[in-house]
Peer 1: 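Here it is, the structure in full.
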There are 2 protein chains.
Amino acid sequence: MELDDRKVKILKAIIKNYLETGEPVGSRTISKYVDLKLSPATIRNEMADLEELGYIVQPHTSAGRIPTDKGYRFYVDDMMATKEAELVVKENELTDREKELDSMKEFLNEKVDRVEELLQNVAKVLAKDTNYATMVTTPQVKGNRLKFVQLSQLEPNKILAVIVMEGNLIRNKVITISDELSQENLLKLNILLNTTLTGLTLQEMNLGLVAKMENQAGEYTKIIKEVLDAIVETISSADNLKIYTSGATNIFKYPELSDSSKASELIYTLEEKQSLTDFVMEDEEQHGNHGIQVYIGNETPVEAMKDCSVVTATYELQDGMKGTIGIIGPKRMDYEKVVEKLKTIQTQLDDVFKKT
Amino acid sequence: MELDDRKVKILKAIIKNYLETGEPVGSRTISKYVDLKLSPATIRNEMADLEELGYIVQPHTSAGRIPTDKGYRFYVDDMMATKEAELVVKENELTDREKELDSMKEFLNEKVDRVEELLQNVAKVLAKDTNYATMVTTPQVKGNRLKFVQLSQLEPNKILAVIVMEGNLIRNKVITISDELSQENLLKLNILLNTTLTGLTLQEMNLGLVAKMENQAGEYTKIIKEVLDAIVETISSADNLKIYTSGATNIFKYPELSDSSKASELIYTLEEKQSLTDFVMEDEEQHGNHGIQVYIGNETPVEAMKDCSVVTATYELQDGMKGTIGIIGPKRMDYEKVVEKLKTIQTQLDDVFKKT
DNA sequence: GTTAGCACTCATTCTTTTAGAGTGCTAATA
DNA sequence: TATTAGCACTCTAAAAGAATGAGTGCTAAC
């Protein structure tokens with residue numbers, strides 16, 4: 001059997017209606033809902049076919065149909081394709097979107113200083129806006145270059161290292177050293193570090209270089225080593241990835257997710273963040289079209305989210321630093337709106353970061 | 001009517017049993033539970049009295065009794081009084097506690113570098129340990145002194161200010177300036193700032209001083225102003241108070257809190273943090289005995305927590321920087337254990353911070 | 001190929017029944 | 001006089017039963 005034109009129309013109608021109501025949809029509903037002028041009985045036949053094809057199921061014998069993951073997948077793929085086509089046409093219709101964009105930009109600009117605060121705000125706003133849960137990662141430094149290091153004396157045996165990367169990513173690290181260090185030597189160390197390391201990526205700080213530096217440092221080999229370790233630890237991406245979540249409690253708005261055990265598991269996942277990290281890692285490998293990716297139900301790599309859908313977008317700073325924004329909602333989320341929002345934010349962030 | 005000795009015994013037994021089971025407790029249960037050798041009938045009479053006195057209620061006519069807030073309050077007050085007395089006696093029985101303390105200290109020491117990470121861990125461990133939700137605030141700088149400021153050029157019109165307070169509290173702030181600044185002038189500014197401000201509290205950086213500085217800065221008045229604003233903003237306590245929460249999903253372990261709407265509200269409060277801030281602010285005024293404070297039900301200043309109890313403890317760093325640790329659970333939480341744990345952590349943190 | 005009609009299924013809701021826990025009161029007991 | 005045994009009574013929670021209605025699948029007619 002084939003998915004002919006009429007079946008597609010009916011399938012889309014079923015899914016659309018289900019997205020709106022969250023209730024299984026019956027043949028009568030569809031016969032009114034769609035412009036095909038068909039009787040419920042005919043729709044029923046088509047529905048039986050669609051069920052056989054695996055796009056929809058009945059929760060129980062005497063209920064209407066709801067989409068399967070395969071059904072959602074079809075719907076989303078179709079939507080993404082249409083969107084692409086539309087975009088080419090609608091170039092001039094951008095005013096609405098631009099307005100929204102501007103109002104958001106204003107908000108975002110308030111706090112550009114602190115990337116992290118900004119991202120936290122993105123998560124918050126997006127959650128409030130969509131009524132889903134959100135996550136935003138800090139940008140991943142991959143091949144990002146060191147701008148400078150600044151060592152300062154904190155206490156006799158403690159040094160504060162301020163590490164600044166391209167893109168103004170700043171990290172502090174307190175290093176406890178075994179031997180004391182004079183002010184003068186600290187200065188020397190500072191210069192040595194900066195002349196040697198400035199402009200390098202983590203990958204380029206290889207063994208030879210380190211050996212050379214340790215050589216030059218003379219009696220301070222040990223300290224250099226500690227400082228270098230700190231730098232590596234600090235800028236190595238694993239340790240660097242922070243995830244901000246927001247709107248976890250939005251899931252209570254969707255009955256299919258809000259029973260105690262599911263909600264608990266899901267919120268725990270959002271709070272605990274470890275599995276989100278895994279998710280983001282895997283996600284990175286995927287991203288193709290527009291950097292927007294949709295995971296439906298079991299497609300997510302995280303067990304706790306198998307009743308959810310997740311839509312992710314990558315954003316990019318200058319210097320190729322990439323981060324991920326994700327929206328977590330029920331499978332019947334408003335994919336269209338979500339994708340739209342994500343695209344807006346994407347443009348938005350690109351703008352903010354590129355301009356600054 | 002008076003609370004005679006026997007009534008107290010029975011009341012305590014009721015509450016203790018209720019803490020364990022979470023079920024209304026009946027006369028038969030108590031007649032076995034307590035060593036009074038009284039028949040259920042007698043207990044019933046006493047219970048009727050206790051109800052009249054407002055310490056317990058029946059959820060419905062044919063159920064056992066559960067404690068009222070007043071009942072809990074009595075229980076907790078009594079417990080705290082007893083604990084105090086015990087402490088004097090048990091000086092030598094500390095080994096057990098000390099062991100626990102040591103194992104925790106080891107863990108805590110791993111990451112002393114980053115106070116914030118440490119505190120986040122405290123929240124996490126405590127939540128896992130107690131099965132309640134927890135919150136931990138960053139220490140409040142009150143009359144804390146500036147150790148030094150370090151300005152570095154980030155980009156032509158951007159300066160990175162690293163602000164270090166006594167107790168090694170570090171803050172970064174990116175300042176966007178309107179006019180460019182030469183390397184040399186940056187150095188001058190650095191020196192000016194440090195000679196003038198080092199060792200001062202926020203309160204001491206008053207108007208006269210600022211005026212004087214601005215005077216000395218000559219044409220850089222504007223920049224000085226911006227830097228100062230940044231410093232003030234950065235170390236002023238309102239902006240500084242961060243709250244880490246953990247174990248929010250633990251509340252699902254207690255049926256009386258885990259129905260959808262209550263859970264949602266509570267978790268939202270924990271995620272959103274604004275009302276927690278208010279809580280902590282109010283809490284600060286209270287703290288008397290041992291810095292441990294118990295809020296039962298409506299005693300909490302936060303509406304969303306009126307079905308919970310909250311136990312808070314203050315911890316103290318050197319230099320009088322104080323923070324708060326809170327445990328949020330159902331009213332029938334194990335107060336004894338919670339207080340014990342908090343005291344351990346208190347000692348613990350004191351230790352870690354004083355030694356470093 | 002489409003549709004009207006009808007018997008059938010099954011979740012949901014409401015009602016009824018039952019079981020059991022626990023009480024309050026009264027009268028007997030020590 | 002304080003305690004206790006006994007019993008009728010209350011009320012919840014769980015189980016069982018009945019009614020409702022949405023929606024289906026199938027058959028036969030159009």
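Convention: sequence-line order gives letters A, B, ...; per-chain numbering from 1. All values below were derived from every heavy atom in this structure, side-chain atoms included, with hydrogens, water molecules and symmetry-related copies excluded. Because the structure is a prediction, the values reported are computed rather than measured.
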Peer 1: Which nucleotide, dT9(C), dC11(D), dT23(C), lies nearest any side-chain atom of Thr61(A)?
Peer 2: dT9(C)
Peer 1: How long is the line joining NZ of Lys37(A) and P of dT2(C), in whole Å?
Peer 2: 16 Å
Peer 1: Nearest to the side chain of Met47(B), heavy atoms from C-beta on, is which of dT24(D), dT23(C), dT3(D)?
Peer 2: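 Of all the options, the side chain of Met47(B) is nearest to dT23(C).
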Peer 1: Under a 4.5 Å cut-off applied to non-hydrogen side-chain atoms, are Val311(A) and Met333(A) in contact?
Peer 2: yes
Peer 1: Could you tell me how far apart Leu36(A) (CG) and dG1(C) (C1') are, to the nearest whole angstrom?
Peer 2: 14 Å
Peer 1: How close or far is atom P of dT23(C) from atom CD of Glu52(B), stated in whole angstroms?
Peer 2: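 Rounded to whole Å, this separation is 16 Å.
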Peer 1: For the residue pair Thr42(A) / Ser39(A), report whether a side-chain donor-acceptor contact shorter than 3.5 Å exists.
Peer 2: yes
Peer 1: Quick check: do Ile14(B) and Tyr55(B) have side-chain heavy atoms less than 4.5 Å from each other?
Peer 2: no
Peer 1: Just compare dT4(D), dA21(C), dT24(D) and give me whichever is closest to any side-chain atom of Arg65(A).
Peer 2: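 Out of dT4(D), dA21(C), dT24(D), the nucleotide with an atom closest to Arg65(A)'s side chain is dT24(D).
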Peer 1: Relative to the 5' end of DNA chain D, which residue comes earlier, Ser62(B) or Arg6(B), by the nucleotide with the nearest heavy atom?
Peer 2: Arg6(B)
Peer 1: Considering only side-chain heavy atoms of Ser39(B), which listed nucleotide, dT4(D), dG21(D), dT12(D), is closest?
Peer 2: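 That would be dT4(D).
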Peer 1: Between dC10(C), dT4(D), dG25(D), which one does the side chain of His60(A) approach most closely?
Peer 2: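 The nucleotide sitting nearest to the side chain is dC10(C).
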Peer 1: Contact between Asp283(A) and Tyr295(A) at the side-chain level, heavy atoms closer than 4.5 Å - yes or no?
Peer 2: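 Side-chain contact under 4.5 Å: yes.
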Peer 1: Measure from the side chain of Asn45(A), starting at C-beta and using heavy atoms only, and say which of dT4(D), dT3(C), dG5(C) lies closest.
Peer 2: dT3(C)
Peer 1: Distance check needed: dT1(D) P versus Leu38(B) CG, whole Å only.
Peer 2: 19 Å
Peer 1: Measure from CD1 on Ile43(A) to C1' on dG25(D) and round the result to the nearest Å.
Peer 2: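 Distance check: Ile43(A) CD1 to dG25(D) C1' gives 15 Å.
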Peer 1: Starting the side chain at C-beta, find the nucleotide from dT9(C), dA21(C), dT4(D) nearest to Thr42(B).
Peer 2: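 Comparing dT9(C), dA21(C), dT4(D) against the side chain of Thr42(B), the answer is dT4(D).
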Peer 1: Looking only at side-chain atoms of Ala41(B), point me to the closest of dA5(D), dG5(C), dT2(C).
Peer 2: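 In terms of side-chain proximity for Ala41(B), the closest of dA5(D), dG5(C), dT2(C) is dA5(D).
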Peer 1: Take atom CD1 of Ile14(B) and atom C1' of dT23(C), then tell me their distance rounded to the nearest Å.
Peer 2: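 Going from CD1 in Ile14(B) over to C1' in dT23(C) covers 14 Å.
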Peer 1: Rounding to an integer number of Å, can you tell me how far Gln58(B) CD sits from dC9(D) C1'?
Peer 2: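 Interatomic distance, CD of Gln58(B) to C1' of dC9(D): 13 Å.
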Peer 1: With a 4.5 Å limit on heavy-atom distance, are the side chains of Met305(A) and Leu276(A) in contact?
Peer 2: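 Sidechains of Leu276(A) and Met305(A): in contact.
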Peer 1: Would you tabulate the pairs of protein nitrogen or oxygen atoms and nucleotide nitrogen or oxygen atoms of nucleotides 15-19 of chain D closer than 3.5 angstrom?
Peer 2:
none

Peer 1: Would you check if Leu38(A) and Glu46(A) make a side-chain contact, meaning some heavy-atom pair closer than 4.5 Å?
Peer 2: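 No, their side chains stay 4.5 Å or more apart.
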Peer 1: Side chain of Arg44(A), base of dG5(C): donor and acceptor closer than 3.5 Å?
Peer 2: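 Flag set: donor-acceptor pair detected.
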Peer 1: Defining pairs by Watson-Crick or G-U wobble geometry with both distances under 3.5 Å, how would you list the stems of DNA chain D with at least three pairs each?
Peer 2: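 So the stems come out as C:1-30 with D:1-30.
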Peer 1: Is any side-chain heavy atom of Leu50(B) closer than 4.5 Å to a side-chain heavy atom of Leu3(B)?
Peer 2: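 Yes - at least one pair of side-chain heavy atoms lies under 4.5 Å apart.
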Peer 1: Check whether the ring centres of Phe252(B) and Tyr268(A) lie less than 6.0 Å apart, and answer yes or no.
Peer 2: no
Peer 1: Aromatic rings Tyr72(A) and Tyr18(A): how do their planes relate, parallel, tilted or perpendicular, breaks at 30° and 60°?
Peer 2: tilted
Peer 1: Donor-acceptor pair, Lys9(A) side chain versus Asp35(A) backbone, under 3.5 Å?
Peer 2: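 Such a contact is absent between Lys9(A) side chain and Asp35(A) backbone.
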Peer 1: Can you tell me the distance, in whole Å, between the CD1 atom of Ile30(B) and the C1' atom of dT23(C)?
Peer 2: 15 Å
